[in-house]
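Data block below; observations after.
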Amino acid sequence: QVQLVESGGGSVQAGGSLRLSCAASGYTYSSVCMGWFRQAPGKEREGVALIDTGGSTSYADSVKGRFTISIDNVKKTVYLQMNSLKPEDTAMYYCAADPTPRKYGFFLPCPQRAHEYNFWGQGTQVTVSS
């Protein structure tokens with residue numbers, strides 16, 4: 001059973017930075033997609049940044065140029081460096097993981113939608129004040 005443990009959330013003023021970590025355990029897949037989704041009160045869960053074990057990344061338009069996702073395959077840990085934070089970044093941030101999809105033996109890009117991920121962390125709150 002895959003387990004994901006997040007850390008690093010907190011409160012910060014606008015323009016500040018935070019770094020989230022997500023440590024994975026219990027999987028033996030040769031390639032996985034891992035990433036971060038967020039959910040603000042009354043809103044749907046949305047993708048923030050995704051990465052696969054090969055290092056391919058994708059970002060939501062709202063965070064491009066401000067957030068950076070990275071992966072340490074030895075530690076099975078994904079990091080999200082968040083700079084120039086804005087009040088609209090306030091949300092519960094969730095780590096997600098799933099085996100990288102394949103077709104005809106080739107790895108496909110990581111799925112973008114939350115329902116395509118089967119493994120989730122407990123969430124960590126990020127609050128940005130103006």
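Nothing fancy with the numbering, it's 1 onward along the sequence.
- Note that R19 lies in the cation-pi zone of Y79, set by a 6.0 Å cut-off to the ring centre and a 45° limit from the axis.
- Atoms OG and CD, on S7 and Q122 in that order, are 9.0 Å from each other to the nearest 0.5 Å.
- For the atom pair CD of E46 and CD of Q39, the computed distance is 9.5 Å after rounding to the nearest 0.5 Å.
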Evaluate the criterion side chain to side chain donor-acceptor pair (under 3.5 Å) for residue pair S21 and E6; output intermediate values, then yes/no.
-> CA-CA 6 Å; S21 299; E6 301 128 330; over 6 Å; no

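- For the residue pair N83 and S17, a side-chain donor N or O sits within less than 3.5 Å of a side-chain acceptor on the partner.
- Residues S84 and R66 share a closest heavy-atom pair of O-NH1, 2.9 Å.
- Summarising the geometry, atom OG1 belonging to T127 is positioned 11.0 Å from atom CG belonging to D89; distances are rounded to the nearest 0.5 Å.
- From T57, atom OG1 reaches atom CZ of F67 across 14.5 Å, with rounding to the nearest 0.5 Å.
- Among S58, P101, P99, the one residue that satisfies the side-chain contact (heavy atoms from CB on, under 4.5 Å) test with C33 is P101.
- When side chains are defined from C-beta on, I69 counts as touching Y59, because their heavy atoms get closer than 4.5 Å.
- In this structure, M82 and V63 have side chains that are not in contact, with every pair of non-hydrogen atoms separated by 4.5 Å or more.
- Contact check on D61 versus K64 returns a salt bridge, with a Lys/Arg side-chain nitrogen under 4.0 Å from an Asp/Glu carboxylate oxygen.
- When ring centroids are compared, F37 and W120 come within the 6.0 Å threshold.
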